[in-house]
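Below is one structure, written out as C-alpha cells; comments come after it.
Residue numbers start from 1 in every chain, and the chains themselves are labelled A, B, ... in the order their sequence lines are given, proteins ahead of strands.
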2 protein chains.
Amino acid sequence: MPADETIQYPIATVDAVILTIEDDQVKVLLHRRDRDPFKGDWALPGGFVHVDEDADAEAAMRRVLAEKVGTNGLYLEQLASYSGPARDPRGWSISITHLALVPRGALEFEGGDVQLAALDALPDLAFDHARIIADARARLVGKGSYSTLPASFLPPEFTLGEMQKAYETVLGTQIDQSSFRRKVADLDLIEETGETRREGRRRPAKLFRLRDGIGTFDRTLATGLG
Amino acid sequence: MPADETIQYPIATVDAVILTIEDDQVKVLLHRRDRDPFKGDWALPGGFVHVDEDADAEAAMRRVLAEKVGTNGLYLEQLASYSGPARDPRGWSISITHLALVPRGALEFEGGDVQLAALDALPDLAFDHARIIADARARLVGKGSYSTLPASFLPPEFTLGEMQKAYETVLGTQIDQSSFRRKVADLDLIEETGETRREGRRRPAKLFRLRDGIGTFDRTLATGLG
DNA sequence: TCAATAGTGTCTGTCAGACATTATTAC
DNA sequence: GTAATAATGTCTGACAGACACTATTGA
C-alpha cells in the first residue's frame, strides 16, 4: 500500500434502487436530474458521499433519499459497487448502490421529477443506471424463490391472496394456492390480525401480519418454478 | 446532487478475502503490513485504487494481488463495501472487498509476510478486516448449501470423495455419501477424466473434472443440513 | 341462483436421508 | 483374510404440485 501522497481519490456516490409493486408490476423509483451531467434525464436517486457528515455509505444513502424523494426509514440492503473512469463524465467514480423493497403505500411523492417506472418499460437512463437496475432485478428474482424477500412489498396488514400475488409478480410465475398456503403456514411467518377485509361480492379474506422478527430470511417459499 | 466543487472524496481501497482449504479447514490468505497504519499487523491483501491506471475496482484488485501475493487470474466475486470515518486512521474511507475461492495448489508464496490462517484461529487483524472475513465466511456457508460454490476449492481433477469433503468442510456438517453422489450425477456437473487415482491400500477412485460452462450456479447440492 | 375469491383436503410422484451391500486395492 | 475407502442399491418419510372440493359473500 504505497502511502503515496500523490494518490488521487475517485468520486464517491451512492445510488438507490427502490422497488415496489404497482398494478401487478415491479416498478422502480426514478428521479429526474436537475443539473449536469445528464440534466433532464431519469436516474436512480443518488448523490455524493459527504465525508464531513456521513457515518458510512448507508447513512449517506439515507440522507440523499430524504433530501431527494422524501423517504425515511426504509430497509436498505447493499447491492454492489460500480466503478470506472467512464461511467460518470465528471471522472473516475465509484457508486455504492443499495436496494430497498417497499410497499407502494410507503412511497409518497407528487409527480414531476419523481416517477415509478415498470422494469419492463424503463426510459433512457443516466450513467450506467440501466445496468444497475438489471442487476437489482436479477437479485430480486434470484432470491425471491428461496427467501421471504417478496414479503417486503406487502403493507403491514395483508391477505394471503395479496401475499401470493406479490410472490407471483416477483417471480413471474403462477404458484399453486394450496402449496403456497401450506408452506407459509409451516414456516410460521405470519399471524392473523383477527380482522377481515371484504371487497366486492365475495368471501372476505382474513388479514395477516408478519410475525415479529421475520426479516428477510432464506427459506423456500415457492420452489420448482418451471 | 450538489455539483459542489468543495466536495472531498473519501479514500478508495480494495481488499481481497482469498479462501482455500488446507488440512480440512477453510483458511484465508493474510499479508503482513510493511508500513503504517497497522505496520507489522496481519491484514487482507489490499491497496489503493489508482484512478490513472485501473479500469475499475476489480482491475485494481487484480493489480494489487499480483503485486503483493503474486496471484493472477483468480476468479473474483464482489463481496461488499465497507465505509466510514473511523475504519482507516488515514481518513474517511471506502473499501470494496472481493472474494476468491481457490484450490490450495493455485497459491504459491514463500512464508514470511504471507500466511494462510484458519478461520477459527485468526490472529489480530488490521482495520475492520476481522469483520470482513466474518461476512465472507457467512456468505460462503450460506451459499455453500445451495450452489456449486464449494467446487471452486477443487483442483482441476478430483475424486468424488474429495469433492464431498470440500462440501463438508465448507458446511461444517456430514453429508450422506449416496445422496451426495446421486445429486452430483443428476445435475450433470462433472465428467470422468478416464483416469483413476490410487492412494494407499484401497480401491482407486475415478478422477473427475468440472464440465465446461459450470461456474457457480445455484442448485442444491447438499440440503437439509441440520 | 350465480360469480368470484377464500380456504381446505387428498392423492401422487419425486427425492433427500438412512443404511445396507458390493467392489477393489495393499498388505 | 483384513482394513480402508470407492461405488451402488434399496427403502422410507417428507413434501411440492396438482386438483378437487367446500365456504362465504353481494347481487
Side-chain angles (χ1 to χ4, degrees), chain A residues 24 144-148 150 154 157-209 218-226, chain B residues 24 144-148 150 154 157-209 218-226:
Chain A
D24 294 337
S145 61
Y146 63 85
S147 82
T148 59
L154 299 171
E157 300 195 347
F158 50 86
T159 68
L160 288 175
E162 289 167 348
M163 187 178 183
Q164 183 175 341
K165 190 71 188 171
Y167 273 81
E168 291 177 338
T169 300
V170 167
L171 299 170
T173 57
Q174 299 289 102
I175 303 172
D176 179 76
Q177 187 190 36
S178 176
S179 303
F180 183 80
R181 286 167 185 247
R182 190 172 38 206
K183 202 63 194 280
V184 170
D186 287 351
L187 292 181
D188 214 29
L189 295 176
I190 61 178
E191 59 191 6
E192 299 188 18
T193 67
E195 309 283 304
T196 60
R197 172 184 300 163
R198 69 187 51 189
E199 202 168 359
R201 52 175 191 173
R202 60 174 183 265
R203 179 172 175 175
K206 290 182 189 167
L207 287 174
F208 293 82
R209 70 171 77 90
D218 293 354
R219 293 279 277 284
T220 301
L221 253 179
T223 52
L225 312 158
Chain B
D24 293 338
S145 61
Y146 63 85
S147 82
T148 60
L154 299 172
E157 301 196 345
F158 51 86
T159 68
L160 288 177
E162 290 167 345
M163 186 177 183
Q164 183 174 341
K165 189 73 188 171
Y167 273 82
E168 291 177 337
T169 300
V170 167
L171 298 171
T173 57
Q174 299 289 104
I175 302 172
D176 179 78
Q177 187 189 36
S178 176
S179 303
F180 184 80
R181 284 163 187 250
R182 189 173 38 205
K183 202 63 193 282
V184 170
D186 286 352
L187 292 181
D188 215 28
L189 295 175
I190 61 179
E191 60 190 8
E192 298 187 18
T193 67
E195 308 285 304
T196 60
R197 172 185 300 164
R198 71 186 52 188
E199 201 168 359
R201 53 176 191 173
R202 61 175 182 264
R203 178 172 176 176
K206 290 181 188 168
L207 286 174
F208 293 83
R209 69 171 77 90
D218 293 354
R219 292 279 276 283
T220 300
L221 252 178
T223 53
L225 313 159

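Comparing A:Phe208 and A:Arg182 by the nucleotide of DNA chain C whose heavy atom lies nearest to each, the residue mapping closer to the 5' end is A:Phe208. Comparing B:Arg198 and A:Glu162 against DNA chain C, the residue whose closest nucleotide sits nearer the 5' end is A:Glu162.
Residue B:Gln177 places a side-chain atom within donor-acceptor reach of the base of D:dA7, judged by atom type and a 3.5 Å distance cut-off alone. Side-chain to base pairing of B:Arg181 with D:dG9: no donor and acceptor N or O lie closer than 3.5 Å to each other. With hydrogens and angles left out, the side chain of A:Ser178 and the base of D:dG17 share no donor-acceptor pair within 3.5 Å. For C:dA23, the base has a donor-acceptor partner in the side chain of B:Arg203 [N/O atoms by modelled type, under 3.5 angstrom].
Legend: residues meeting side chain to side chain contact (heavy atoms under 4.5 Å, CB included) with B:Arg197, ordered by chain and number and at least two apart, are B:Thr159, B:Glu162, B:Glu199, B:Leu207.
With contacts defined as side-chain heavy-atom distances shorter than 4.5 Å, the pair A:Thr148/A:Tyr167 qualifies. Side-chain contact check for A:Gln164 versus A:Leu160: every heavy-atom pair is 4.5 Å or farther apart.
Distances from the side chain of B:Arg202 to the nucleotides C:dT25, C:dA3, C:dA16 place C:dT25 closest. When the nucleotides C:dA6, C:dA26, D:dG17 are ranked by their closest atom to the side chain of B:Arg201, C:dA26 comes out on top.
D:dT5 atom P lies 10 Å from atom NZ of B:Lys165, rounded to whole Å. What separates CZ of A:Phe180 from P of D:dC15 is a distance of 17 Å, to the nearest Å. When rounded to the nearest whole Å, the span between NZ of B:Lys206 and P of C:dA23 equals 14 Å. Counting to the nearest Å, the P atom of C:dA16 and the CG atom of B:Leu171 are 15 Å from each other. With rounding to whole Å, A:Gln164 atom CD is found 12 Å from C:dT5 atom C1'. Separating the CD atom of A:Gln174 from the P atom of C:dT5 is a distance of 13 Å, rounded to the nearest angstrom. A:Asp176 has its CG atom 16 Å from the P atom of D:dC15, to the nearest Å.
Distance check, rounded to the nearest 0.5 Å: CD of B:Glu157 to CZ of B:Phe208 gives 11.0 Å.
Side-chain N or O atoms of A:Glu192 include none that pairs as donor or acceptor with a backbone N or O of A:Lys206 at under 3.5 Å.
No engagement by A:Glu199 is indicated, since no non-hydrogen atom pair under 4.0 Å with the nucleic acid exists.
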